[in-house]
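The basis for the numbers below is simple: all heavy atoms, side chains too, and nothing from hydrogens, waters or symmetry mates. Proteins come first, then strands; the chains are lettered A, B, ... in the order of their sequence lines, and each starts at number 1.
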Amino acid sequence: MNSLGESLWRLLWFGARVIIFLLCAPIILFVGYWIAKTHDESIAKREADMATRCPAVTVKRVSNIDMVSGRSVMVTGNVVLGVDYMKRLIGFILNIVGLPLWTHQRLLDRARREAILRLQENAKDAKMIVNVRVETATINSRLSGDMPYSAGFEMMAYGTAIYSS
Amino acid sequence: MILVNTEDVPGKTIKDYIGLVSGSTVRSKHIGRDIMAGLKNIFGGELRGYTELLEESRSEAVQRMIQDAQEKGANAIVNVRFSTSMVTVGASELYVYGTAVTLSD
């Protein structure tokens with residue numbers, strides 16, 4: 001009798017967790033989608049502002065500006081972004097089936113653009129930023145266990161800003 | 001101390017190459033950042049605690065590299081590169097390295 005009560009209790013607890021999960025899922029999905037969308041719009045707006053002001057290039061030597069008369073300083077810009085829980089679950093399923101992981105693809109794209117924008121904002125009065133490189137790192141990633149995940153991804157962009165004086 | 005990530009400093013000539021200098025730091029988060037990051041873990045978005053943590057550790061690693069170069073008698077560091085790696089869950093090592101040179105000007 002005791003074991004019957006115990007298994008009933010466990011079934012009830014499992015059912016409660018499923019119900020809580022189903023109730024929270026649309027909230028998490030919506031909030032995560034809204035955060036990603038507002039961030040994307042903010043990035044697009046800042047990219048339009050920054051387009052003409054301070055180009056960030058990946059070459060080492062530029063012929064059309066005078067590189068020698070000013071000073072050059074190394075500047076960096078970085079950001080750490082994370083996906084919401086539902087996107088991580090969707091990504092886990094996509095990973096099993098073998099489809100492209102658009103969940104993390106969009107996140108890394110946003111992170112890269114944000115890092116380069118912060119690099120340009122940190123070197124606001126520079127004529128140009130040369131030799132720009134972008135490094136990626138995972139934050140708090142658990143690679144073993146039943147559901148491997150990373151809590152966040154860091155993108156760091158760095159380059160040499162050339163000022164005119 | 002001039003820091004650039006190109007191979008030479010624009011407008012200046014390199015007199016002498018001293019060698020590789022580097023700085024590194026291993027940092028982990030504390031509980032305050034962890035709780036906020038735990039919430040953001042569910043909803044997504046920017047983990048600002050981690051961004052600040054990594055910025056602080058980056059400036060500390062760069063300071064150590066500058067100190068290393070000053071001890072060796074350099075006045076500029078060229079070709080600076082960064083490398084981040086996770087050493088254990090919750091802690092990441094930031095390693096910055098470059099070539100210490102003396103400039104002639």
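- Using a 4.5 Å cut-off between heavy atoms, A:Ala36 makes no contact with chain B at all.
- Heavy-atom distances place the side chain of A:Arg61, and not its backbone, under 4.5 Å from chain B.
- Under a cut-off of 6.0 angstrom, the local environment of NZ in A:Lys124 is sparse, with at most 12 non-hydrogen atoms contributed by other residues, nucleotides or ligands.
- In this structure, CZ in B:Arg48 is found 10.5 Å from CG in A:Leu81, a value given to the nearest 0.5 Å.
- Linking Ile, Leu, Val, Met, Phe, Trp and Tyr whenever their side-chain heavy atoms come within less than 4.5 Å leaves B:Leu3 and B:Val78 in two separate clusters.
- Counted within 6.0 Å of OH on A:Tyr163, heavy atoms from surrounding residues, nucleotides or ligands total more than 12; the atom is thus considered enclosed.
- There is a path of hydrophobic side-chain contacts, each under 4.5 Å, that joins A:Ile93 to A:Ile90.
- With hydrogens and angles disregarded, a donor-acceptor distance shorter than 3.5 Å links the side chain of B:Thr51 to the backbone of A:Val80.
- Across B:Ile77, B:Asp8, B:Thr6, the residue that shares the most heavy-atom pairs under 4.5 angstrom with chain A is B:Thr6.
- Note: the hydrophobic cluster containing A:Ile96 also contains A:Tyr85 (ILVMFWY, side chain heavy atoms under 4.5 Å, direct or indirect links).
- Side-chain atoms of B:Asn5 and A:Thr160 form a donor-acceptor pair, as typed in the model, at a separation below 3.5 Å.
- When all heavy atoms of A:Ile35 and B:Gly44 are compared, the pair lying nearest together is CD1-O, 3.7 Å.
- Here the CG-CE distance, from B:Leu54 to A:Met156, works out to 8.5 Å after rounding to the nearest 0.5 Å.
- No part of A:Arg110 comes within reach of chain B, as not one of its non-hydrogen atoms sits under 4.5 angstrom from that chain.
- Between the NE2 atom of A:His39 and the CD atom of B:Glu46 there is a distance of 6.5 Å, given to the nearest 0.5 Å.
- Using a 4.5 Å cut-off between side-chain heavy atoms of Ile, Leu, Val, Met, Phe, Trp and Tyr, with links allowed through other members, A:Met50 and A:Ile43 fall into the same hydrophobic cluster.
- Only the side chain of B:Ile2 comes within less than 4.5 Å of a heavy atom of chain A; its backbone N, CA, C and O stay farther away.
- Options A:Ala161, A:Gly159, A:Cys24, A:Ala137 differ in how many heavy-atom pairs under 4.5 Å they form with chain B, and the most are formed by A:Gly159.
- Between B:Phe43 atom CZ and A:Leu29 atom CG the span is 11.0 Å, to the nearest 0.5 Å.
- Hydrophobic clustering (ILVMFWY, side-chain heavy atoms < 4.5 Å, transitive): A:Leu101 and A:Tyr33 are in distinct clusters.
- Of the residues listed (A:Thr76, A:Asn78, A:Val79), the one engaging B:Glu55 in a side-chain contact (heavy atoms from CB on, under 4.5 Å) is A:Asn78, and it is the only one.
- A distance of 8.0 Å separates CD1 of A:Ile139 from CG of B:Leu47, quoted to the nearest 0.5 Å.
- Annotation for A:Tyr158 and B:Phe82: closest pair OH-N, 3.3 Å, computed over non-hydrogen atoms.
- If you measure heavy-atom distances from B:Arg58 to chain A, the contacts under 4.5 Å come from the side chain alone.
- Across A:Thr38, A:Val73, A:Ile162, A:Asp84, the residue that shares the most heavy-atom pairs under 4.5 angstrom with chain B is A:Asp84.
- Residues A:Ser72 and B:Val9 are in side-chain contact: their nearest non-hydrogen atoms beyond the backbone lie under 4.5 Å apart.
- Within 6.0 Å of atom CD in A:Glu47, more than 12 heavy atoms from other residues, nucleotides or ligands are found, so the atom counts as buried in its surroundings.
- Contacts between A:Val130 and chain B at a heavy-atom distance below 4.5 Å involve backbone atoms as well as side-chain atoms.
- The candidate with the highest count of non-hydrogen atom pairs below 4.5 Å against chain B, out of A:Lys87, A:Met86, A:Met74, A:Arg133, is A:Met74.
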